[in-house]
Amino acid sequence: MTSTTNEASPDTAKAHSDTDSSGEPILTPPDSEARFPTTHLPEPSQRRTSPSPLRISSLPQDIKEEFRPENRTEAVDWSEAGEEALGSDLDFDEDDMAGIRPSMHRPTDGRSQQPLLKDEGRGRSEFESTNGSARPALASRRNTFRSRSPSYTDPANATRRKYIYASFFLLLSLISFVVQTETAVYIQHTLGWKKAYCMLWLTHGSWSLLYPAQLLILRIQKRKLSWPAFWRRHKYQIRTTAQMVEHQQLHLTSSAKNKSPTSYIIRKTVFVSTALTIAGASWYVAVDLTTPSDLTAIYNCSAFFAYVFSIMLLHDKLRLDKAIAVAVAIAGVLVVAYGDKKDPKHAGPHGGASGGGPQDDDGATEAKNRTAGNLIIGIGSVLYGLYEVLYKKWACPPEGTSPGRGMIFANTFGSLIGLFTLTVLWIPLPILHVTGLEPFEIPPPHTAGLLLISTISNAVFSGSFLVLMSLTSPVLSSVAALLTIFLVAITDSFLHPERSLSAAAIGGGSMIIVAFVLLSWATYREMDQERKRMEADEGVITDDEED
């Protein structure tokens, strides 16, 4: 008589073994290692077909050996495997998920209610459904595994959110620039501590503080995470963002993920820092050769050159509204610079200051060699516009990256510029001291205190300016920087009542404000149109991850 006892068929048992028919090792969840129950099996017509498991060949090469059955001595910690082997951007399809789903034939020892992915405070709790099952609901399965992957976002909301961040950093940059201007002018013209290159080295070197300050803020925000988990996540974010910057791709290929971005970031840091340093040095050289009016007017033409280089290097379209806005802004600078009898007080983004110095009988500051000074500052204006565009081209992530990720990388790259300045650009200091061109001397305590305030203010301004360029465009950032001319004039009128606002300052400042509003609206429309175009073509994909 034929036995009626229901036993697991050889084919079924084989599907849950550690190798398939081809001899390739496969991964099975810990639950599948238990023997099937020998009674109450469903009828063949009611049985679910067991999906294909997650094969070891789908994992990176460097961890395959760890998961082979002959090398595995304990149950696999799936949360660690997903974090370390597959990275933070988990994106399984249905076939992949089948390999980590428990079988319908569950043991009766109580382990069937345990989720395969542990809840360690990293959003894994959603794997437990309301009935205690470790298997997520079908409707939420995709969202669960894509919780830290790019997602589809409404283009209008994404652009609006980016502008909110940009507005905050614009306000922060304007306030810090006014503080820097007042302290820099007082140090150089009132206290008489004129050490051009030393101040340049200090201000650019202070950018190295951006990353430690940012890391402290992020750590406070994520204080509930353990330090190893926080640091691993932060390093992963910086690395993947650097890879996005290098390849200008929001979705990295396997070859791009495996390539280290270190050499690329080092090269671009050197190039961008060199352009910035030469532009800053031109300011200090020209400040004693030409008038503050010429210095202010010519140097702030960098907004025009930023627009030109954006068309050449970033392939921006020549738009009439943006060109008119840039022209109006530069005209406003010329009105402020030459329409007032008093030389405008102004500080460069490198910490140098003009205006407020000794004046002749006509009220204009005496210039030693005006033509040579104007030529030098003209070169600096071109280089500063080039620096802004090179930073956007070489050091900013592609369109679609989340604002949080862009801000974190902007401050990180700014710190690299500061680190390069501190470790390399100190070399001219002893040379200038020996030759007598700029003897080095330690400032008095009062001067040193104001110098510290000016240096920190410059670091805040520069970090905010880098974030602003990353979120918007070099042209909009350059025109936004022109607002500081009008703000410094207003601040001067409050601090020094005898220096009331002139008609030229009011008129020129109003022109700059109008130009900035026009350019902001034009840039916003351009970004929104680009988002909608991407959505129509392939869907707008943005990175949700905010550190």
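Quick note: residue numbers are just sequence positions, from 1. All of these numbers come straight from a predicted model, not from anything done at the bench.
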Checklist entry - Any donor-acceptor pair under 3.5 Å linking the side chain of T274 with the backbone of V270? => result yes
Checklist entry - Taking atom types as modelled, is there a side-chain donor on S478 or E388 under 3.5 Å from an acceptor on the other? => result yes
Item to check | Any donor-acceptor pair under 3.5 Å from W201 side chain to L429 backbone | outcome: no
Checklist entry - Would you call I330 and C301 a side-chain contact if the rule is heavy atoms closer than 4.5 Å? => result yes
Item to check | Exercise: do W207 and N458 side chains pair donor with acceptor under 3.5 Å | outcome: yes
Checklist entry - Under a 4.5 Å cut-off applied to non-hydrogen side-chain atoms, are T241 and I408 in contact? => result no
Item to check | Side chain to side chain, I311 and Y307, heavy atoms closer than 4.5 Å | outcome: yes
Checklist entry - Is the distance between the ring centroids of Y387 and Y384 under 6.0 Å? => result yes
Item to check | Heavy-atom check, side chain of W193 versus side chain of K195, under 4.5 Å | outcome: yes
Checklist entry - Just by modelled atom types, is the F440 backbone N or O under 3.5 Å from a matching donor or acceptor in the H433 side chain? => result yes
Item to check | Residue pair Y299 / D294, side-chain heavy-atom distance below 4.5 Å | outcome: no
Checklist entry - Tell me, do S470 and F409 make a side-chain contact under 4.5 Å, heavy atoms counted? => result no
Checklist entry - Relative to the ring of W227, is the ring of F230 parallel (under 30°), tilted (30 to 60°) or perpendicular (over 60°)? => result tilted
Checklist entry - Which atom pair, heavy atoms only, marks the closest approach of R161 to P403? => result NH2-CD, 3.6 Å
Checklist entry - Would you find a donor on one side and an acceptor on the other, under 3.5 Å apart, between the side chain of E438 and the backbone of Y197? => result yes
Checklist entry - Just by modelled atom types, is the L451 backbone N or O under 3.5 Å from a matching donor or acceptor in the T455 side chain? => result yes
Item to check | Atom pair CG/CG of L487 and L174 - distance to nearest 0.5 Å | outcome: 5.5 Å
Next on the checklist: Tell me whether the count of non-hydrogen atoms from other residues, nucleotides or ligands lying under 6.0 Å of CZ in F304 goes above 12.
Outcome noted: no
Checklist entry - Would K259 and E246 count as a salt bridge (Lys or Arg N to Asp or Glu O under 4.0 Å) if you check the C-alpha gap in whole Å, the side-chain angles of each, and the deciding distance to 0.1 Å? => result CA-CA 10 Å; K259 182 181 178 182; E246 179 180 3; 3.1 Å; yes
Next on the checklist: Quick one, F309 with F305, criterion ring pair (Phe, Tyr, Trp, His ring centres under 6.0 Å). Give me CA distance, side-chain angles, the key distance, then yes/no.
Outcome noted: CA-CA 6 Å; F309 286 123; F305 295 110; 7.0 Å; no
Checklist entry - Any donor and acceptor pair, going by atom type alone, linking the side chain of S381 with main-chain N or O of I298 inside 3.5 Å? => result yes
Item to check | Check: Y165 ring centre within less than 6.0 Å of F169 ring centre | outcome: no
Next on the checklist: Using modelled atom types and a 3.5 Å cut-off, is there a donor and acceptor pairing between side-chain atoms of T290 and backbone atoms of A286?
Outcome noted: no
Item to check | Flag side-chain contact, heavy atom, 4.5 Å: L215 against H234 | outcome: yes
Item to check | Gap between atom CG of L518 and atom CG of D321 - 0.5 Å precision | outcome: 8.5 Å
Item to check | Whether T401 side chain and P397 backbone form a donor-acceptor pair below 3.5 Å | outcome: no
Item to check | Spatial distance of atom CG (L276) from atom NE2 (H204) [nearest 0.5 Å] | outcome: 4.0 Å
Item to check | side chain to side chain contact (heavy atoms under 4.5 Å, CB included) partner of L519, the single match among V514, V475, T472 | outcome: V475
Next on the checklist: Treating R233 as the side-chain partner and Y236 as the backbone partner, does any N or O pair qualify as donor plus acceptor under 3.5 Å?
Outcome noted: no
Checklist entry - Is there a side-chain contact between I187 and M199 (heavy atoms, below 4.5 Å)? => result yes
Item to check | A504 to V336 - nearest heavy-atom pair and separation | outcome: O-CG2, 4.0 Å
